[in-house]
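Reckoned from all heavy atoms, side chains included, excluding hydrogens, waters and symmetry mates. Bear in mind the structure is a predicted one, so any value in this text is a computation, not a measurement.
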Amino acid sequence: HTDANTLYSKANDNAALSEKKAVTSKKALIAANDKLADAKAKESTGNLSALKEVENLASKVGAAKDSLKKAEVELKETKAIKADVAKKLGAADTVLATLRR
């Protein structure tokens, strides 16, 4: 039972960490999109350096999207693991309760 509690605690910690990564990735994507929108507004002047900035920021937005997708997959996996461990912990608790009767 102690091992099950330890596993659940670790699974819970991993899920919380994955949640933070997903939130951070989402914030990074939003920031990159905002910068890209600003750069696109400046690009309309026809300035070559503004065009290069848009291209640079567009690749950063792409990387931020990829990072977010990866974080969301990791979050889904860690939540599934946490749910599985919680189920096993519940089963262990039931067995212990039955044995104590």
Side-chain angles (χ1 to χ4, degrees):
H1 188 260
T2 302
D3 290 342
N5 280 328
T6 301
L7 283 175
Y8 180 76
S9 179
K10 287 181 181 178
N12 195 44
D13 290 347
N14 288 339
L17 182 61
S18 294
E19 184 91 36
K20 286 180 184 179
K21 284 182 183 178
V23 169
T24 300
S25 293
K26 192 172 283 189
K27 287 180 181 179
L29 176 58
I30 290 168
N33 271 329
D34 289 347
K35 288 181 183 178
L36 179 59
D38 290 344
K40 282 184 175 180
K42 292 177 186 173
E43 178 198 22
S44 63
T45 63
N47 185 338
L48 184 59
S49 65
L51 177 61
K52 288 183 180 182
E53 181 68 11
V54 167
E55 290 174 357
N56 181 37
L57 290 170
S59 69
K60 288 183 180 182
V61 168
K65 284 181 181 178
D66 292 344
S67 179
L68 178 57
K69 284 179 187 176
K70 182 180 175 185
E72 288 175 338
V73 167
E74 183 180 318
L75 177 60
K76 183 178 178 182
E77 290 171 354
T78 57
K79 282 185 174 182
I81 291 168
K82 179 183 171 185
D84 184 53
V85 171
K87 184 177 176 181
K88 289 176 181 175
L89 180 58
D93 285 340
T94 301
V95 169
L96 282 175
T98 303
L99 292 174
R100 288 182 181 151
R101 290 181 191 176

- Going from NZ on Lys35 to CG on Asn33, what distance comes out if it is rounded to the nearest 0.5 angstrom? 11.5 Å
- When rounded to the nearest 0.5 angstrom, what is the spacing between OG in Ser25 and CD in Glu72? 8.5 Å
Could you pull out every donor-acceptor pair under 3.5 Å between side chains of residues 16-23 and any protein atom, sequence neighbours left out?
| from | atom 1 | to | atom 2 | distance (Å) |
| --- | --- | --- | --- | --- |
| Ser18 | OG | Asn14 | O | 3.1 |
| Ser18 | OG | Glu74 | OE2 | 3.2 |
| Ser18 | OG | Thr78 | OG1 | 3.3 |
| Lys21 | NZ | Glu74 | OE2 | 3.3 |

- Task: With sequence neighbours excluded, give me every side-chain hydrogen bond (donor to acceptor under 3.5 Å, both in side chains) pair touching residues 49-63.
- Result: Asn47-Ser49
Show which side-chain atoms of residues 80-92 pair as donor or acceptor with protein atoms under 3.5 Å away, not counting sequence neighbours.
| from | atom 1 | to | atom 2 | distance (Å) |
| --- | --- | --- | --- | --- |
| Lys82 | NZ | Asn12 | OD1 | 2.8 |
| Asp84 | OD2 | Lys88 | NZ | 3.3 |

- Is it true that Leu29 and Leu57 fall in one hydrophobic cluster, defined by side-chain heavy atoms closer than 4.5 Å? yes
